[in-house]
Amino acid sequence: MVRPVVELDREGIDRLIAQLGDSGFTVIAPTLSDGTISHGPISSSQDLPVGWTEVQDAGTYRLTRREDDALFGYAVGPHSWKRFLHPPEVVVWQGDGGMTPLDLAPPPRYAFFGVRPCEMAAISIQDKVFLDSGFSDDVYRSRRTDAFIVEVECYEPGGTCFCASMGTGPGAVEGADLVVSEILDDEHRFVVRAGSDAGEEVLAALGAAEAETDVIAAAEQVVADAAARMGRTLDTDGLRAALTAQAQSERWDEIAARCLTCANCTMACPTCFCAGIDDSLSLDGAVATRTRRWDSCFGLEFSYIHGGSLRTSAASRYRQWITHKLSTWWDQFGSSGCVGCGRCITWCPVGIDITAEATAMLAEARSEEAS
Ligand code: SF4
Ligand code: SF4
């Protein structure tokens, strides 16, 4: 199906944001917050990190000014969209003293504006986990079903990005309602493609001019250039088998000597989904609450079963995490659990790099195979 492609200037982007707001969406986009690019509500393009970019490396993140007024001249900040679809803390049930369920406030209707291709891929992975793997999660479904997604192609990959290796960027991946490409040559403009019927309706209401072929070609070139400037790469050929084959490698202990088991990597990761449940009672006994909170396989209690924890060492916990991400996720959900966003590298306080550790395990496996 051929979907419409239009060209917008910055005023057109403002009209698009206003239109989504007028349609009842809470528009969430990248914003400057706490010295990072995080996500927050916006009402115009002025609320975006205009003219800002990030410098990212293992254990390093800082904001810096650009020499232009780019709206999307950065990669990804510490937080992913899972904060909205799979919140860090959410009440999943509440009842009165007689355990009669109380009504919970419905979530807003979200429009996510500025979702990167790797993040779109991460949302699709979480769709599989929460909606398509044999059960449906009410919390996720209530936020995801009516969400409108505006994906923005990347042209400024971060120092820790490796989406090109994972097939999840920097060009758009499937799943968004609209796909935006920002062009910053002589003229600041945007190519916007519809990706769904809902996206088509929004573009029709916007009444923008069709994009010329030379502008579409310019947008494609921007993405091709970004792929060539990707901060990191990961050879995934044979990696899935290599990680399980190296389960007894001594390198796990070497990584554990650096790993603080702080769980930052799992909190920052857009696909990690583990959570725990707590029940609590108000002091007067009038309200019982069941709350779901993110959990992490890096915690000792995470693998607790009657009698003790299964993964008592840092080595076993790091091995569990990376092996699940890059190997056994395939068995469970039919895809990689990693989209190459680089967050776990940037936000690891000691700079442990998933691409370096996976590459080392792959090299070990290849060398053992060859000997
Ligand atoms: S790999 Fe880094 S971020 Fe993850 S638990 Fe270890 S120290 Fe923390
Ligand atoms: S494992 Fe790291 S690079 Fe891969 S998706 Fe998670 S945070 Fe991003």
Side-chain angles (χ1 to χ4, degrees), residues 54 56-61 75-83 86 115-129 154 157-170 173 230-236 239-240 243 251-274 294-303 311 313-330 332-333 335-361:
E54 311 148 315
Q56 299 197 43
D57 205 340
T60 300
Y61 179 98
V76 293
H79 302 295
S80 71
W81 302 93
K82 82 173 176 184
R83 278 175 77 199
H86 170 43
V115 174
R116 295 308 192 175
C118 65
E119 300 184 303
M120 187 64 244
I123 290 172
S124 297
I125 287 174
Q126 289 217 318
D127 286 351
K128 271 193 217 161
V129 173
C154 270
T160 54
C161 293
F162 56 103
C163 64
S165 301
M166 307 308 285
T168 56
V173 300
M230 194 68 34
R232 277 164 162 76
T233 57
L234 178 61
D235 179 2
T236 56
L239 183 56
R240 205 177 143 188
L243 282 166
R251 189 175 173 89
W252 300 118
D253 290 323
E254 192 272 309
I255 301 168
R258 290 176 278 140
C259 176
L260 310 173
T261 63
C262 67
N264 258 17
C265 46
T266 52
M267 299 295 123
C269 180
T271 66
C272 279
F273 56 81
C274 290
W294 287 354
D295 201 349
S296 169
C297 52
F298 278 93
L300 182 60
E301 301 79 18
F302 184 83
S303 63
R311 289 189 284 270
S313 67
S316 64
R317 281 176 252 159
Y318 187 86
R319 179 182 62 192
Q320 156 66 24
W321 177 71
I322 193 173
T323 305
H324 190 210
K325 283 280 145 195
L326 297 169
S327 178
T328 52
W329 202 292
W330 283 96
Q332 202 176 1
F333 300 112
S335 75
S336 168
C338 172
V339 296
C341 72
R343 285 188 179 91
C344 58
I345 307 170
T346 300
W347 296 98
C348 174
V350 292
I352 293 175
D353 180 342
I354 187 173
T355 62
E357 303 310 337
T359 301
M361 287 297 171

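Remember, it's 1-based here, ligands and their atoms both numbered in the order they're listed. Keep in mind it's a predicted model, so treat the numbers as computed, not measured.
- With a 4.5 Å cut-off on side-chain heavy atoms, C272 and K325 count as touching.
- The proximity of W321 to ligand 2, defined as any non-hydrogen pair under 4.0 Å, is limited to the side chain.
- Close contacts of ligand 1 with A263, meaning ligand atoms under 4.0 Å from a residue heavy atom, involve 5 (S), 8 (Fe).
- Atoms of ligand 2 found under 4.0 Å from any heavy atom of F162 (numbered from 1 in listed order, with element): 3 (S).
- With hydrogens and angles ignored, the 3.5 Å screen pairs no side-chain donor or acceptor of T168 with any backbone N or O of A121.
- Among protein heavy atoms, the minimum distance from atom 3 (S) of ligand 2 is reached at G342 N, 3.2 Å.
- Those atoms of ligand 1 that come under 4.0 Å of a heavy atom in T261, given as number and element, are 5 (S), 6 (Fe).
- No donor-acceptor distance shorter than 3.5 angstrom exists from the side chain of E357 to the backbone of R251, with no hydrogens or angles considered.
- Distance from atom 2 (Fe) of ligand 1 to its nearest protein heavy atom, with residue and atom name: C348 SG, 2.3 Å.
- By the 4.5 Å heavy-atom criterion applied to side chains, S124 and V173 are not counted as neighbours.
- The shortest contact between atom 7 (S) of ligand 1 and any protein heavy atom is with L260 N, 3.2 Å.
- Put simply, C265 gets within reach of atom 4 (Fe) of ligand 1, with an N, O or S atom under 2.8 Å from it.
- The nearest heavy-atom contact from the protein to atom 8 (Fe) of ligand 2 is C341 SG, 2.3 Å.
- Between R319 and D253 there is no salt bridge, since none of the side-chain N atoms of the basic residue sits less than 4.0 Å from a carboxylate O of the acidic one.
- T355 places none of its side-chain heavy atoms less than 4.5 Å from the side chain of T233.
- Of the listed residues (R343, K82, R83), just one forms a salt bridge (Lys or Arg N to Asp or Glu O under 4.0 Å) with E119, and that residue is R343.
- Taking OG of S296 as the reference point, atom CG of N264 lies at 9.5 Å (rounded to 0.5 Å).
- In this structure, V339 counts as a contact residue of ligand 2, since one of its heavy atoms falls inside 4.0 Å of the ligand.
- Taking a cut-off of under 4.0 Å to the non-hydrogen atoms of C344, the atoms of ligand 2 that pass are 1 (S), 2 (Fe), 3 (S), 7 (S).
- In terms of heavy-atom proximity, C259 sits nearest to F298 at SG-CE2, 3.8 Å.
- Protein heavy atom closest to atom 4 (Fe) of ligand 2, with residue, atom name and distance, is C338 SG, 2.4 Å.
- Taking a cut-off of under 4.0 Å to the non-hydrogen atoms of K325, the atoms of ligand 2 that pass are 1 (S).
- In the vicinity of I354, heavy-atom distances shorter than 4.0 Å reach the ligand 2 atoms 1 (S).
- Scanning all protein heavy atoms for the shortest distance to atom 6 (Fe) of ligand 1 gives C259 SG, 2.4 Å.
- Close approach to C269 involves these atoms of ligand 2, each under 4.0 Å from a residue heavy atom: 5 (S), 6 (Fe), 7 (S).
- Each of T60, T346, D353 was scored for a side chain to side chain donor-acceptor pair (under 3.5 Å) with T160, with one residue passing: T346.
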